[in-house]
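Here is the structure we will look at, set down as structure tokens.
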2 protein chains.
Amino acid sequence: MNKQPKYRQVADVLRREIDNGIYAPGARLPSENDLQQRFDASRNTIRNGLSLLVSEGLITSSQGLGYEVKSHEVFELNATRFENLTFPQNGDAYSTDVTNAGRRPHQTFRVEMLPASKDVAERLKVPAGTKAVLRFCHRYVDDVPWSTQATYYPSWLVEASPRLAEPGDIEEGTTRYLASRGIEQVGYFDEIAARMPTPEEARLLEIGAGVPVMLWTRTGYSVDRPIRCTITTFRGDLNRMNYEIGELSARGENA
Amino acid sequence: MNKQPKYRQVADVLRREIDNGIYAPGARLPSENDLQQRFDASRNTIRNGLSLLVSEGLITSSQGLGYEVKSHEVFELNATRFENLTFPQNGDAYSTDVTNAGRRPHQTFRVEMLPASKDVAERLKVPAGTKAVLRFCHRYVDDVPWSTQATYYPSWLVEASPRLAEPGDIEEGTTRYLASRGIEQVGYFDEIAARMPTPEEARLLEIGAGVPVMLWTRTGYSVDRPIRCTITTFRGDLNRMNYEIGELSARGENA
DNA sequence: TTGCTCAGCTTGTTGGTACAAGCTGATAGG
DNA sequence: CCTATCAGCTTGTACCAACAAGCTGAGCAA
């Protein structure tokens with residue numbers, strides 16, 4: 001006898017019905033009250049089952065509205081083209097990609113100087129606590145928060161390239177600006193991790209329960225040392241990262 | 001007045017105490033009963049707060065034992081070196097990496113033939129439902145489930161390379177075997193996504209609540225068409241993926 | 001010493017109640 | 001006609017109670 005707790009049975013039944021399309025993406029689930037009668041269970045038990053599905057990222061709940069099946073459209077982000085080594089364009093790639101997808105980009109921007117955290121200092125190969133310039137970007141697509149991007153530059157680099165520390169945008173892109181100052185990025189090292197959002201991240205990206213974030217850390221190198229460290233935080237449900245390696249003429253292009 | 005619900009206050013206080021090291025990784029939290037008295041709240045309210053932290057991936061709970069602060073050691077997986085185009089080694093890379101990290105690798109393996117799912121068929125550029133060979137690998141590190149890897153080969157390729165469909169291991173590695181049959185992988189396209197595990201994935205990887213999975217889809221290409229599609233599923237809390245792009249002689253190597 | 005049982009701790013499950021808070025559509029009032 | 005209010009739906013928060021199930025160590029028995 002495979003006796004599962006009642007709240008798990010509730011979750012299993014509803015999950016299967018969602019998978020089978022009985023409740024399509026965007027559709028509303030029956031109310032807790034209805035489900036109580038259907039499954040002959042208390043409201044707490046039903047809520048336990050539903051909260052399981054919420055934490056799986058399958059449904060969302062909103063007070064006064066009910067439970068809704070999530071629909072997932074993902075945004076493809078090309079990490080190798082995002083910042084082409086031969087044609088650096090930096091932040092522009094985001095606006096271009098989003099516009100090409102028929103969506104409306106929007107971003108806020110700020111610059112500050114602060115001591116580098118341990119993680120950042122390690123990657124920039126400077127002592128922990130050393131001052132670094134942070135250029136921070138909060139990005140939206142169609143007014144939905146999409147990602148945050150924090151780029152740190154070591155102080156030795158800022159002395160040689162003062163515009164990095166100025167609050168304004170850098171028209172030609174930072175990578176190109178640095179190249180014009182004789183500092184060329186010749187390679188980068190990417191790290192990708194996934195975890196549940198901190199409350200701070202959940203707030204900035206307006207993430208509900210059951211949605212992980214992806215952390216994309218890119219450390220850029222000149223010929224002799226690291227010159228920047230960019231940490232991008234995405235909503236995991238709305239983004240997918242792509243890398244193109246080697247010869248891919250056989251792939252063609254999607255739409 | 002910033003009035004937060006009591007269960008959130010509980011979670012916030014405990015989260016801060018965990019961040020500050022008052023409860024170190026691996027340490028046990030006070031019991032629900034103790035916390036009831038400390039916060040003057042009912043057991044359900046305490047449980048709500050704790051379950052928030054569980055779904056954030058900060059702590060785990062086990063019946064009879066209590067709540068424990070999670071410790072996170074991550075395993076670095078080098079995606080560019082994992083399968084070097086010039087020195088293909090395929091599955092061996094995993095065993096080598098794990099052994100080098102001083103851990104003990106272990107894997108189970110199976111081969112089957114089945115109709116390709118829509119996602120796989122799209123990537124292999126064959127009609128959906130076409131037969132494909134699946135080589136499936138379930139990997140452990142120190143007897144802890146670590147990842148599952150499913151590689152699909154299109155049937156036209158299997159006809160030219162029959163050993164792909166045989167259940168046994170391919171000693172020299174599949175990429176090298178294919179090269180010996182005149183089919184060379186000259187490039188690949190990687191897609192990385194993160195989401196909460198399905199119950200099936202949670203079972204295979206023994207994932208508790210609050211831990212996302214990373215999905216790594218690698219499509220390999222010969223000069224004129226896709227030759228394979230590998231879908232790897234990781235525990236998000238134990239793995240980090242790395243890409244090395246361009247010239248990185250300045251990076252050196254960690255330890 | 002060794003091995004077993006069990007009391008007493010822990011969290012897990014399920015039931016109940018009550019009120020707060022958010023949303024929507026009907027309806028009364030201008 | 002337009003607008004404001006409110007009844008009646010939804011989920012959110014908070015409490016209580018009881019028993020099930022898993023783990024550990026004390027202490028008894030061989």
Side-chain angles (χ1 to χ4, degrees), chain A residues 1-14 18 23 26-70 199 202-203 206-211, chain B residues 1-14 18 23 26-70 199 202-203 206-211:
Chain A
M1 177 77 84
N2 178 7
K3 176 62 178 161
Q4 281 241 312
K6 201 185 268 189
Y7 77 99
R8 276 186 191 280
Q9 294 177 30
V10 170
D12 288 343
V13 168
L14 292 175
I18 290 170
Y23 301 110
R28 254 193 58 192
L29 255 51
S31 74
E32 292 176 352
N33 211 307
D34 293 344
L35 293 173
Q36 270 186 69
Q37 299 181 17
R38 171 171 173 195
F39 289 103
D40 187 31
S42 75
R43 192 177 162 214
N44 278 340
T45 302
I46 297 294
R47 281 178 68 81
N48 275 343
L50 288 169
S51 74
L52 244 186
L53 298 182
V54 168
S55 71
E56 287 173 16
L58 227 66
I59 63 177
T60 60
S61 72
S62 17
Q63 194 169 351
L65 273 174
Y67 292 83
E68 191 170 297
V69 180
K70 278 213 288 197
R203 192 179 58 76
E206 287 174 23
I207 291 182
V211 177
Chain B
M1 178 76 87
N2 180 7
K3 175 65 181 159
Q4 281 243 316
K6 199 186 268 188
Y7 77 99
R8 277 185 189 281
Q9 295 176 30
V10 171
D12 289 344
V13 168
L14 292 176
I18 290 171
Y23 301 111
R28 256 194 56 191
L29 256 51
S31 74
E32 292 176 352
N33 210 310
D34 294 343
L35 293 173
Q36 270 186 70
Q37 298 180 17
R38 170 170 173 197
F39 290 103
D40 186 32
S42 75
R43 187 174 164 218
N44 278 339
T45 301
I46 297 293
R47 280 177 69 81
N48 274 341
L50 288 169
S51 75
L52 246 186
L53 298 182
V54 169
S55 72
E56 287 174 14
L58 228 63
I59 62 178
T60 60
S61 73
S62 17
Q63 193 169 351
L65 272 175
Y67 292 83
E68 190 170 300
V69 180
K70 278 213 288 199
R203 192 179 59 76
E206 287 174 24
I207 291 181
V211 177

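Proteins come first, then strands; the chains are lettered A, B, ... in the order of their sequence lines, and each starts at number 1.
If you measure from atom CD of A:Glu68 to atom C1' of D:dT11, you get 14 Å, rounded to the nearest angstrom. Separating the CD atom of B:Gln37 from the P atom of C:dC9 is a distance of 13 Å, rounded to the nearest angstrom. Atoms CG (B:Asn48) and P (C:dT11) sit 15 Å apart, rounded to a whole Å. What separates CZ of A:Arg43 from C1' of C:dT13 is a distance of 18 Å, to the nearest Å. Taking atom CG on A:Leu35 and atom C1' on D:dC9, their separation rounds to 15 Å, with Å as the unit.
For A:Asn33, taking side-chain heavy atoms from C-beta onward, the closest of the listed nucleotides C:dG16, D:dT10, C:dT11 is D:dT10. Nearest nucleotide to the B:Tyr7 side chain, out of C:dT13, D:dT13, C:dT11: D:dT13. Among the nucleotides D:dT11, C:dC23, D:dA21, the one closest to any side-chain atom of A:Leu65 is C:dC23.
Between A:Tyr67 and D:dG12, a side-chain N or O to OP1/OP2 separation shorter than 4.0 Å is present. The side chain of B:Arg47 contributes no N or O atom lying less than 4.0 Å from OP1 or OP2 of C:dT11.
In this structure, B:Thr45 OG1 and B:Leu35 CG are separated by 12.0 Å, a value rounded to the nearest 0.5 Å.
Heavy-atom distances to DNA chain D give each of A:Asn44 and A:Leu50 a nearest nucleotide, and the one nearer the 5′ end belongs to A:Leu50. Between A:Ala41 and B:Asp34, the residue anchored closer to the 5' end of DNA chain C is B:Asp34, taking for each the nucleotide with the nearest heavy atom. In terms of position along DNA chain C, the nucleotide closest to B:Ser31 lies nearer the 5' end than the nucleotide closest to the other residue of the pair A:Gln63 and B:Ser31.
With contacts defined as side-chain heavy-atom distances shorter than 4.5 Å, the pair B:Leu58/B:Leu14 does not qualify. In this structure, the side chains of B:Val13 and B:Phe39 come closer than 4.5 Å at one or more pairs of heavy atoms.
Counting atom types as modelled, B:Arg8 pairs no side-chain N or O with a base atom of D:dG12 as donor and acceptor under 3.5 Å.
Formation of a donor-acceptor pair under 3.5 Å by the B:Arg8 side chain with backbone atoms of B:Leu52 is not found in this model. The backbone N or O of B:Asp34 lies less than 3.5 Å from a partner atom in the side chain of B:Ser31, making a donor-acceptor pair.
Heavy atoms of B:Thr45 sit under 4.0 angstrom from primed sugar atoms or phosphate atoms, though from no base atom. At a threshold of 4.0 angstrom between heavy atoms, the contacts of A:Ser61 are confined to the sugar-phosphate backbone, with no base atom among them.
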